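The next block holds one structure in the form of structure tokens; read it before the comments.
Being a predicted model, the structure only gives us computed values, none of them experimental.
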Amino acid sequence: MPGVWQRHPRYSILILAVLATTLYLLVPIQHEGIAPPLFTMTDNDLPNRMERAHRIYDKVLKDRKVLIEKFGPSPKDIAAFPEDKAPWPPYTVWDFFPAAFNCPHEVERHGALGDGGKWVCGLSRVRDKPNCVVYSFGINYESSFEAEILRNTNYCEIWGYDFSVKSFGPEIPRENEHRTHFRAYGLSGEDKHGPEDKPPMYTLDTLMKLNGHDFIDILKIDIESWEFTTLVSMVKPYLESGKPLPFGQLQIELHLWHKSFEEILQWWEMLEEAGLRPFWTEPNLVYLNFNRDATSDLAEYSFINVKGTNAFIQDPPSHPTPGTTQ
């Protein structure tokens, strides 16, 4: 008995044409002038995710140069917050510094919504890390961020510093108080802690030596505009020595008060040279709401350190099963 293909040759040709068209539409075609995709759905392991994030951020660096030429053409010609309607389209300094590096893990806000909370990349990576270290500068009796770090990790200990208060805030769970350490010190670019120095000020390196630390997993800084001079003093020695920064990620509030675009750009590029990449940002809208005539010159940023070795950019070495070799 003849098959359906023999009895209806026209239908068989039509079906073959439909199948060919479907396959043509499903298979991606690389057209001339169109860039290949930055990632594929198979890039699931950490090295591939990191490589993809670098490619995406490299494009932002090129776009920044284009934007500077457009509104400059040099950095000294650019106003951080233009006061008139020209040039058009309008811009602010924040447009030049998007948080465009893709965190290769979960991104989660820890702490209160609004003022106090911070965005962290991959806290799960240090949840069971035995020697997990967190430093927090700027407490102001609000410790919801620190409290959630303690609740969501098993071994992380937090060293808190703020000369304007006497302790962490009331949010710290009583059962986790033994994992907190507080001092009424300030963070500075140089040590000033003699008998006449009130409040006592310390560099990050000095505090780490006093605490017996050589690495900080998470570093939070909110020191009311002193972050610019402090980070210059903190970062430059590592750039000069070629050593990676001694922390895995940084949560910081930036205060652009009285800063020119050129100053901000130089400071930001110093952080990038040291290996810091921004993966999250949010403006401080509370400040803007209470200061209606102010510019939006306060913003929270979170950075991941892509140089050296840390839990957020590399998987820990696997350990062989006893009795086997690796």
Among side-chain atoms of Y238 and D205, is any donor-acceptor pair under 3.5 angstrom?
yes
Just so I know, are the side chains of L265 and F97 near enough to count as touching, which here means a heavy-atom distance under 4.5 Å?
yes
Thinking salt bridges, do R277 and E272 make one under a 4.0 Å N-O criterion?
no
Between the CD1 atom in I221 and the CD atom in Q251, the distance rounded to the nearest 0.5 Å is 10.0 Å
Below 4.5 Å, heavy atoms only, C-beta onward: do E146 and V134 meet side chain to side chain?
no
Is a side-chain donor-acceptor pair under 3.5 Å present for E106 with S124?
yes
Exercise: do S241 and K243 side chains pair donor with acceptor under 3.5 Å:
no
Using a strict 4.0 Å threshold on nitrogen-to-oxygen distance, state whether R55 and E51 make a salt bridge.
yes
How about I313 and M50: do any of their side-chain heavy atoms sit closer than 4.5 Å?
yes
Taking the side chain as everything from C-beta on, heavy atoms only, tell me whether N102 gets closer than 4.5 Å to R49.
no
With K259 as the cation and F228 as the aromatic partner, state whether NZ or CZ is under 6.0 Å from the six-membered ring centre and within 45° of the axis.
yes
Nearest 0.5 Å, please: how far is CD in E273 from CG in L239?
4.5 Å
Can you tell me how the ring of H54 sits relative to the ring of F101, calling it parallel under 30°, perpendicular over 60° and tilted otherwise?
perpendicular
For a ring pair (Phe, Tyr, Trp, His ring centres under 6.0 Å) check, start with the C-alpha distance between H255 and W226, then their side-chain angles and the critical distance, and finish with the verdict.
CA-CA 8 Å; H255 307 73; W226 289 101; over 10 Å; no
Exactly one of H181, H213, K220 should register a side-chain hydrogen bond (donor to acceptor under 3.5 Å, both in side chains) with Y135. Which one does?
H213
Distance-only side-chain donor-acceptor flag, Y301 / E253, under 3.5 Å:
no
With the side chain counted from C-beta on, respond yes when V126 and F312 share a heavy-atom pair under 4.5 Å apart, and no when they do not.
yes
Check the pair F96 / F261 against ring pair (Phe, Tyr, Trp, His ring centres under 6.0 Å), numbers first and verdict last.
CA-CA 10 Å; F96 295 81; F261 176 84; 4.7 Å; yes
Go through the steps for F303 and F279 under the test ring pair (Phe, Tyr, Trp, His ring centres under 6.0 Å), then give the verdict.
CA-CA 6 Å; F303 295 83; F279 65 85; 8.2 Å; no
When you compare the side chains of E282 and W119, does any donor N or O come within less than 3.5 Å of an acceptor on the partner?
yes
L276 side chain near I304 side chain, heavy-atom distance below 4.5 Å:
no
Evaluate the side-chain proximity of F137 to D222: yes if any heavy-atom separation is below 4.5 Å, no if none is.
no
Looking at N305 and G248, would you say the former's side chain and the latter's main chain have a donor-acceptor pair under 3.5 Å?
no
Kindly work out whether a path of hydrophobic side-chain contacts (I/L/V/M/F/W/Y, heavy atoms less than 4.5 Å apart) joins L210 to M201.
no
Under 6.0 Å from the CH2 atom of W267, do we count more than 12 heavy atoms belonging to anything else shown?
yes
Ionic contact status for D58 with K62, cut-off 4.0 Å
no
State whether a side-chain donor-acceptor pair under 3.5 Å links S144 with E171.
no
Check the pair K129 / N131 against side-chain hydrogen bond (donor to acceptor under 3.5 Å, both in side chains), numbers first and verdict last.
CA-CA 6 Å; K129 187 171 183 275; N131 58 343; 3.1 Å; yes
Is it the case that the side chains of K209 and N211 hold a donor-acceptor pair, with the cut-off being a distance below 3.5 Å and no angle test?
no
How about Y155: does its OH atom have over 12 heavy atoms from other parts shown lying under 6.0 Å from it?
no
Evaluate the side-chain proximity of W268 to R64: yes if any heavy-atom separation is below 4.5 Å, no if none is.
yes
Where at least one partner belongs to residues 182-202, residue pairs that pass side chain to side chain donor-acceptor pair (under 3.5 Å), sequence neighbours excluded
D191-T206
Quick one: does any side-chain atom of R125 pair with a main-chain N or O of D128 as donor and acceptor, under 3.5 Å?
no
